[in-house]
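Contents: one structure, followed by commentary.
Heavy atoms only: backbone and side chains are in, while hydrogens, waters and symmetry mates are out. Sequential numbering from 1 along the given sequence is applied to the chain's residues. Please read all numbers here as calculations on a predicted model, not as lab measurements.
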Amino acid sequence: MTFKHNFKKVLSATAFAAALVVAPAANVSAATNDASSTQQSATATSQDQQASQDQAASQSSAANQSSSTSTSSATSTSTVKKVAKKTKKTSKKKAVKKVAKKTTKKKAVKKVAKKTTKKKATKKAKKTSKKSTKKTTKAATAAVTASAGQSQATDQQDDAAKKAAEAAAKKAAAAKKKAAAKKAAAKKKAAAKKKAAAKKKAAAKKKAAAKKRAAAKKKAAAKKKAAKKSAEKAAKYWIAMRESGGYYTARNGSCYGRYQLLISYLGGDLSKKNQERTADRYVYGRYGSWVNAKRFWLAHNWY
């Protein structure tokens, strides 16, 4: 009975250790480094307890064996051998279980440590990611602000440039308009000058033509006059030759001189000069010219 009781105790201790090993993974994974240390301490304490229990079980088993030997001398050697063999098997099983337990605990500890490390790394990564995100957001905000400022500055520069370009264009247009007006005025002035010059030239040409015509007229008149004079001279000479043979002293009755004028016409002056003057006065007064006088003489044989 004592052996069975001790064996039950050993089984209870083993079940307890197995329960500790096969703890819910969610609780283990939620533990931190401090929890892992505590678990390791608890595991070490549990191992010490298990060793004590195993030693007590061995001692109890040995005592039971001695007690069983002293109280029941009638028990056969085969029973003792069976019990020893069973105890050996139990001890071997316990040793295997102990090793398995230790291995399982180590694996669990490693798993917990790995999960804890992974969790820490995840947390650290999350923190780093958050920090990086914050930094990136901050940098992006700063960049956006800077970009907005730069864009605004660029817009202002563009507006200023646009205004300057418009002012320059207006100035250029005004200058162009002024230059065009000046050019038009100069062109108009040149046209007026050219027109005036052409008018002056035309006037000069007209004047020259008039002068030329006048000169030609004058020349024609002079020529005509000269011809008339020549004709007059010829007609006068012709009459003189018919009347007196050209002598200033010729006399025929009451007529005297080169042109056979009445002596009363000469007024007592029988000089050549007075004869010429008196003959011209008589002919121009009566016939208008010596040519007409000649024409009359030819018709009537006197003048």
Side-chain angles (χ1 to χ4, degrees), residues 164-303:
E166 285 177 357
K170 279 184 180 178
K171 196 174 181 181
K176 194 176 180 180
K177 194 176 179 182
K178 193 176 180 181
K182 196 175 180 180
K183 193 176 179 181
K187 197 174 180 181
K188 195 176 179 181
K189 193 177 180 181
K193 197 175 180 180
K194 193 177 180 181
K195 195 176 179 181
K199 198 175 179 181
K200 194 176 180 180
K201 191 177 180 181
K205 196 175 180 180
K206 194 176 179 182
K207 192 177 180 181
K211 196 175 181 181
K212 194 176 181 181
R213 281 197 304 272
K217 196 175 180 181
K218 193 176 180 181
K219 191 177 180 181
K223 195 176 180 180
K224 191 177 180 182
K225 191 178 179 181
K228 189 179 178 181
K229 193 176 180 180
S230 179
E232 287 291 301
K233 193 176 179 179
K236 189 178 181 180
Y237 178 78
W238 186 88
I239 289 175
M241 292 305 289
R242 292 290 181 277
E243 289 293 328
S244 64
Y247 292 102
Y248 284 99
T249 58
R251 186 167 184 167
N252 184 16
S254 59
C255 294
Y256 182 83
R258 182 179 176 89
Y259 300 100
Q260 290 298 296
L261 297 173
L262 290 174
I263 294 174
S264 60
Y265 287 170
L266 294 173
D269 187 2
L270 301 177
S271 64
K272 294 180 181 180
K273 190 174 182 179
N274 188 42
Q275 285 185 37
E276 291 288 338
R277 186 169 53 243
T278 303
D280 286 336
R281 187 168 57 245
Y282 168 75
V283 167
Y284 285 120
R286 186 170 181 173
Y287 301 105
S289 66
W290 283 102
V291 174
N292 291 336
K294 180 183 177 181
R295 195 177 292 121
F296 185 86
W297 197 99
L298 287 170
H300 300 91
N301 288 322
W302 65 274
Y303 74 102

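- Partners of Ser271 by side chain to side chain contact (heavy atoms under 4.5 Å, CB included), not counting sequence neighbours, listed by chain and number: Asp269, Lys273, Asn274.
- Within the structure, ring pair (Phe, Tyr, Trp, His ring centres under 6.0 Å) pairs that include any residue of residues 195-222 do not occur (at least two apart or interchain).
- Every residue meeting the side chain to side chain contact (heavy atoms under 4.5 Å, CB included) condition with Ala250, not counting sequence neighbours, appears here in chain and number order: Ser244, Tyr247, Gln260.
- Here salt bridge (charged side-chain N to carboxylate O under 4.0 Å, His left out) pairs that include residues 231-245, with residues two or more places apart or in two chains, are Lys236-Glu276, Lys236-Asp280.
- Annotation: the span from Arg277 atom CZ to Leu266 atom CG amounts to 10.5 Å, rounded to 0.5 Å.
- Screening residues 165-220 for ring pair (Phe, Tyr, Trp, His ring centres under 6.0 Å) gives no qualifying pairs among residues at least two apart or on separate chains.
- The line from OG1 of Thr249 to CG of Leu270 is 10.0 Å long, rounded to the nearest 0.5 Å.
- A ring pair (Phe, Tyr, Trp, His ring centres under 6.0 Å) check over residues 183-242, counting only residues at least two apart or in different chains, returns the pairs Trp238-Trp297.
- Here salt bridge (charged side-chain N to carboxylate O under 4.0 Å, His left out) pairs that include residues 282-302, with residues two or more places apart or in two chains, number zero.
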* Derivation of the side-chain contact (heavy atoms from CB on, under 4.5 Å) call for Val291 and Lys228 -> CA-CA 9 Å; Val291 174; Lys228 189 179 178 181; over 6 Å; no
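- Shown here are the side chain to side chain contact (heavy atoms under 4.5 Å, CB included) partners of Leu262, two or more places apart in sequence or in another chain: Ser254, Cys255, Ser264, Tyr265.
- Using a 30° and 60° split on the angle between ring planes, Trp302 and Phe296 fall in the perpendicular class, above 60°.
- Looking at every heavy atom in both residues, Ile263 comes nearest to Arg251 through CD1-NH2, 3.4 Å.
- Inter-residue side-chain proximity for Tyr256 and Tyr248 is flagged as unmet; no heavy-atom pair is nearer than 4.5 Å.
- Identified under the salt bridge (charged side-chain N to carboxylate O under 4.0 Å, His left out) test for residues 179-203, with sequence neighbours left out: none.
- In plain terms, the two heavy atoms of Ala240 and Tyr259 that are nearest each other are CB-CE2, 3.5 Å.
- Screening residues 193-214 for ring pair (Phe, Tyr, Trp, His ring centres under 6.0 Å) gives no qualifying pairs among residues at least two apart or on separate chains.
- Scored by the ring pair (Phe, Tyr, Trp, His ring centres under 6.0 Å) test, Tyr303 finds Tyr282 as partners (sequence neighbours excluded).
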